[in-house]
Amino acid sequence: MEQVASTRRGYFNTARIAVIAMFSALAGILYIFNFSLSFAFPSFLEFNFSDIPTLIGTFTLGPVAGVIITVVKILLKLVIKGTSTVFVGELSDLLTSCVFAVTAGLIYKRKRTFKGALIGMAAGTFAEVAIAILFNWLALVPFYVQFFFHGKWEPLIGMMTPLFPDCTKENFYTFYLWISVLPFNLMRCLVAVLITLPVYKRISNLINKFNVKITPKDDAGGQKIKKINIGVWVAGIVILALLVLFALLRFFVF
């Protein structure tokens, strides 16, 4: 499992940024097309496949790329669809996706073998599920109750009772955290792992060939390479700033 080499030209060479952009766009599209599994989980827990390109991109390009892919996919979703949770749901997805990808990526970076990939993904799954439970318990649910429902639990409990008729305020966290959030996030990670494992090596080899073909040599063209990389950096920062601006405008203006 080869990783795209950063080489002496630095981490953010033109080829690497192009690949990050490709994975970010794919993850953003998959993140937009989310759907609920209301037969098994509360309808507000929406499933998507965006962790797959995020995980593949992290293994191929490193943990930093995984964070960038996650940030960009969420910004794309905010620009196109906006937010129905005052950014809290997106913040939850940002934390869980980053924890999953970065934990797996850091372990795989140290042990670049199939076993290392398995250990990394297992650790990433454990970390992601733990963060999801903690964030829902300490931040997300209290925020919803206070901000959306003005301190009343009945609307939130009403969303749970179609699946869990015995759900009350007293046992809400038992049904929600341990019977909904835990298996939902475990399934989300397992789907990403099961799809990533058989396709990663093939995709990684293609990216390495792409990197070799489009990345200039370091010899006499050093100054030209430096200018290209500066231009790519500036373009990337401008694009990210515009995505943030459009996401905020969509929420506050449109």
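What you see below is based on every heavy atom in this structure, not just the backbone, and it leaves out hydrogens, waters and symmetry mates.
- Residue S92 comes nearest to F135 through the heavy atom pair CB-CE2, 3.4 Å, listed as atom of the first residue, atom of the second, then distance.
- The same ILVMFWY cluster, assembled from side-chain heavy atoms under 4.5 Å apart, contains both L140 and W178.
- Counted by atom type alone, D51 and S97 present one or more donor-acceptor pairs between their side chains at under 3.5 Å.
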Check against side-chain contact (heavy atoms from CB on, under 4.5 Å), F87 and L78: CA-CA 9 Å; F87 303 108; L78 289 172; 3.9 Å; yes

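- Side-chain contact between V141 and F172 is present, with heavy atoms from C-beta onward closer than 4.5 Å.
- Note on I195: it clusters hydrophobically with Y200, by side-chain heavy-atom contacts below 4.5 Å among ILVMFWY residues.
- Side-chain contact of Y31 with D93: a donor-acceptor pair under 3.5 Å is present, judged by distance alone.
- Residues L91 and T85 form no side-chain contact, since every pair of their non-hydrogen atoms from C-beta on lies 4.5 Å or further apart.
- Nearest heavy atoms, I119 versus I107: CG2-CG2, 4.0 Å.
- V86 is listed as a side-chain neighbour of F148, based on a closest heavy-atom distance under 4.5 Å.
- Side-chain polar atoms of S50 and K73 form a donor-acceptor pair below 3.5 angstrom.
- Taken from CD1 in I74 to SG in C98, the straight-line distance is 7.0 Å, to the nearest 0.5 Å.
- P42 is listed as a side-chain neighbour of M160, based on a closest heavy-atom distance under 4.5 Å.
- Once rounded to the nearest 0.5 Å, the distance linking CZ of F59 with CZ of R112 reads 9.5 Å.
- Across all non-hydrogen atoms, the minimal contact from P53 to L26 is CB-CD2, 4.0 Å.
- Within a 6.0 Å sphere centred on CZ of F35, heavy atoms belonging to other residues, nucleotides or ligands number more than 12.
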For E128 and R188: C-alpha separation, side-chain torsions, deciding distance, then whether salt bridge (charged side-chain N to carboxylate O under 4.0 Å, His left out) applies. CA-CA 10 Å; E128 197 267 4; R188 170 180 158 182; 3.7 Å; yes

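- Hydrophobic clustering keeps L194 apart from L186 (ILVMFWY residues linked when any side-chain heavy atoms are closer than 4.5 Å, directly or through intermediates).
- In terms of modelled atom types and a separation under 3.5 Å, the side chain of N171 and the main chain of D166 share a donor-acceptor contact.
- Under the 4.5 Å side-chain heavy-atom criterion for grouping Ile, Leu, Val, Met, Phe, Trp and Tyr, F126 is not connected to L182 through any hydrophobic cluster.
- Under the 3.5 Å distance criterion, the side-chain polar atoms of S180 are left unmatched by any main-chain donor or acceptor of L177.
- Residues T58 and G105 approach most closely at CG2-CA, 3.7 Å, considering heavy atoms.
- With K77 contributing its side chain and G82 its backbone, the two residues share a donor-acceptor pair below 3.5 Å.
- Between K81 and L76, the closest side-chain pair of non-hydrogen atoms is not below 4.5 Å.
- F49 and F47 have perpendicular rings, their planes meeting at more than 60° on a 0 to 90° scale where under 30° would count as parallel.
- Nearest heavy-atom pair, N136 versus A132, reported as atom, atom and distance to 0.1 Å: ND2-O, 2.7 Å.
- Taking the six-membered ring where the residue is Trp, Y144 and F149 present tilted rings, their angle falling between 30° and 60°.
- Between atom CG of residue L138 and atom CZ of residue F143 there is a gap of 15.0 Å, rounded to the nearest 0.5 Å.
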Apply side-chain contact (heavy atoms from CB on, under 4.5 Å) to residues L45 and M159 and explain how you reach the verdict. CA-CA 11 Å; L45 292 179; M159 298 178 187; over 6 Å; no

Can F23 and V72 be said to form a side-chain contact (heavy atoms from CB on, under 4.5 Å), step by step? CA-CA 10 Å; F23 279 122; V72 173; over 6 Å; no

Are T54 and F100 close enough, and set up right, to give a side-chain contact (heavy atoms from CB on, under 4.5 Å), and what steps lead you there? CA-CA 9 Å; T54 304; F100 177 48; over 6 Å; no

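- Side-chain contact annotation: T83 with E90, donor-acceptor N/O pair under 3.5 Å present.
- Between C167 atom SG and L156 atom CG the span is 8.0 Å, to the nearest 0.5 Å.
- Considering every non-hydrogen atom in both A127 and V99, the closest pair reads CB-CG1, 3.4 Å.
- Here L95 contributes atom CG and I131 contributes atom CD1; the two are 7.0 Å apart, rounded to the nearest 0.5 Å.
- Under a 3.5 Å cut-off, the side chain of T161 and the backbone N or O of F164 do not form any donor-acceptor pair.
- Aromatic pair F41/F39: ring centres not closer than 6.0 Å.
- Rounded to the nearest 0.5 angstrom, F184 CZ and I179 CD1 are separated by 16.0 Å.
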